[in-house]
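Contents: one structure, followed by commentary.
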There are 2 protein chains.
Amino acid sequence: MVESGTSASPETGHPGGDRPRLDRQRILEAGAVFIEEHGVRQLSMRRLGAELDVEAMSLYRYVPSREDLLDGIVESVVDELYSDPEVYVEPRYGWQDYLLRLAHGLRRLAVKHPQVFPLIATRPAEAPWVRPPLRSLRWVESFLRAMTQAGFSNEQAVEAYRAFSSFLIGNLLLEVAALGADIGPVEDPDPSPSRQADLTDYPLLQELQDLLSEDRSKQEFDAALDALLDRLDSQLT
Amino acid sequence: MVESGTSASPETGHPGGDRPRLDRQRILEAGAVFIEEHGVRQLSMRRLGAELDVEAMSLYRYVPSREDLLDGIVESVVDELYSDPEVYVEPRYGWQDYLLRLAHGLRRLAVKHPQVFPLIATRPAEAPWVRPPLRSLRWVESFLRAMTQAGFSNEQAVEAYRAFSSFLIGNLLLEVAALGADIGPVEDPDPSPSRQADLTDYPLLQELQDLLSEDRSKQEFDAALDALLDRLDSQLT
DNA sequence: ACCTGAACACCGTTCAAGT
DNA sequence: ACCTGAACACCGTTCAAGT
């Protein structure tokens, strides 16, 4: 990238290519944007540097490694949940209300960041029992408090936490996979006929193809969530 | 799976390091073993070649690219399901029996290949509606046939298929993550104190840490599966 | 204090060449 | 027919050097 010649104002101001100075948060956000645009596989230190008008090596002043960069991006995206006004309210309307808000907040997050969500779901967490997508001690504590205060035993609260995590991962991972289809690697669209499945040997698939292609994620999410809440409720007394 | 042929095998003389000749299936199996031993991140064409006593470039005669290699490994591991005698029986004992067998077969697969399973769960499939971990048209057809023949409507069968996939992904992905903890990248054990979470601000987590660390995956899997079957059953009639 | 250039070890992949 | 050597473009990362 040809640049510089920006000797006039060191702080700010150029309309075309100004460079607000590097800092960790700016790098993480640029990383999240880059992943959403090009996929994780395409994210290299060099390319992210270029995006920020900087050499790759400069990033190492703020981020110890590419791995740590990815962890940082995940953390920074998940932290958006704290500023979701629909989620972050005092849990005084009962545990079902709390779980509903939390689940829908995480679904909004997943749909907003379909390319980052698989990382949220699959990166190793701080401790083995901190299960995605609730990747922080603070949320786990909050979850368990809501449940125990509602009358669940310690064992039941922990079991509910696990069931809730599994429910979210399964539903949201498959939803974003169907969305962007790029849940792991591979970037090219590839609309070649080879990619179009040959259904001649599968009469039922042929018949149901329209149904199978229909997107009912929202309804299914709500239905499964409802069933989960019922199941948990039945454990209470 | 050692192949036939190679009768006198004149060129495989070395006692310690004989080289049974390259073929696609051998490469895929070696890849699966390598991933289970060292993690996906460590798998490079060069290293896999070395494992097979061959230069990396030789692999390209059987596998178009590293991406395709990973897809091939996933396919070859999932294909083990066909030779699981507990799973692959005629579905004449009812749909619940069928779903139970299938679910437990996939759980065995996940536990046997904890490092490969995340790939099974996250690699883009043949068609967008072919949801992991049932990554083949054949299994989807089989699933839908079992359900419709049991009296589910087309819509209900498709919905059941989606609910079943989500259930499996959520439960099994989190189970293998807790197992190997390496659900994505990063290889080092790192038992440093920095990795040990500081729980001073989270009294409930402190109190429940033993419960949280307990492994109850099998029971929870069975309980959630049971609840799912009940939910589906209630839609019948 | 912050960024860069050059360098190292390692990748995936191509292709002409060996046997 | 099957494998290899050399080469290319690209990585992550280190470190001494620039400003």
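Every heavy atom of this structure was used, including side-chain atoms; hydrogens, water molecules and symmetry mates were not. Just so we're on the same page: letters track the sequence lines, and every chain starts at 1. The model shown is predicted, which means the values in this text are computed figures rather than measured ones.
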Letter per nucleotide, 5' to 3', of nucleotides 12-19 of chain C [B base touched, S only sugar-phosphate touched, - untouched; heavy atoms, 4.0 Å]: BBB-----

Bracket string, DNA chain D, 5' to 3' - pairs by Watson-Crick or G-U geometry under 3.5 Å, | interstrand: ||.|||||...|||||.||

Phe167(B) six-ring centre to Arg162(B) NZ/CZ under 6.0 Å and within 45° of normal: no

Within 45° cone of Phe221(B) ring axis and under 6.0 Å: Arg216(B) NZ or CZ: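 Ring-cation test returns no.
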
Electrostatic pair Glu36(B):Lys112(B) at N-O distance under 4.0 angstrom: no

Arg24(B)/Asp68(B) ion pair, N-O < 4.0 Å: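 Between Asp68(B) and Arg24(B) there is a salt bridge, with a charged N closer than 4.0 Å to a carboxylate O.
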
Protein-nucleotide distance (Leu52(A), atom CG; dC3(C), atom P), rounded to Å: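 Spelled out: CG on Leu52(A) to P on dC3(C) is 10 Å.
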
Nearest-Å distance for atom pair CG/C1', residues Asp53(B) and dC2(D): 16 Å

Any side-chain donor near an acceptor of the partner, Ser166(A) and Tyr161(A), under 3.5 Å: no

Heavy-atom side-chain proximity of Glu67(A) to Arg123(A) below 4.5 angstrom: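 They are in contact (side-chain heavy atoms under 4.5 Å apart), so the answer is yes.
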
Identified side chain to side chain contact (heavy atoms under 4.5 Å, CB included) partner of Ile120(A) from the options Ile73(A), Leu134(A), Val77(A): Val77(A)

With sequence neighbours excluded, residues passing side-chain hydrogen bond (donor to acceptor under 3.5 Å, both in side chains) with Glu175(A): Arg107(A)

Phosphate OP1/OP2 of dC2(C) contacted by Ser58(A) side-chain N/O (<4.0 Å):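 Answer no for this pair, as no side-chain N or O of Ser58(A) is under 4.0 Å from OP1 or OP2.
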
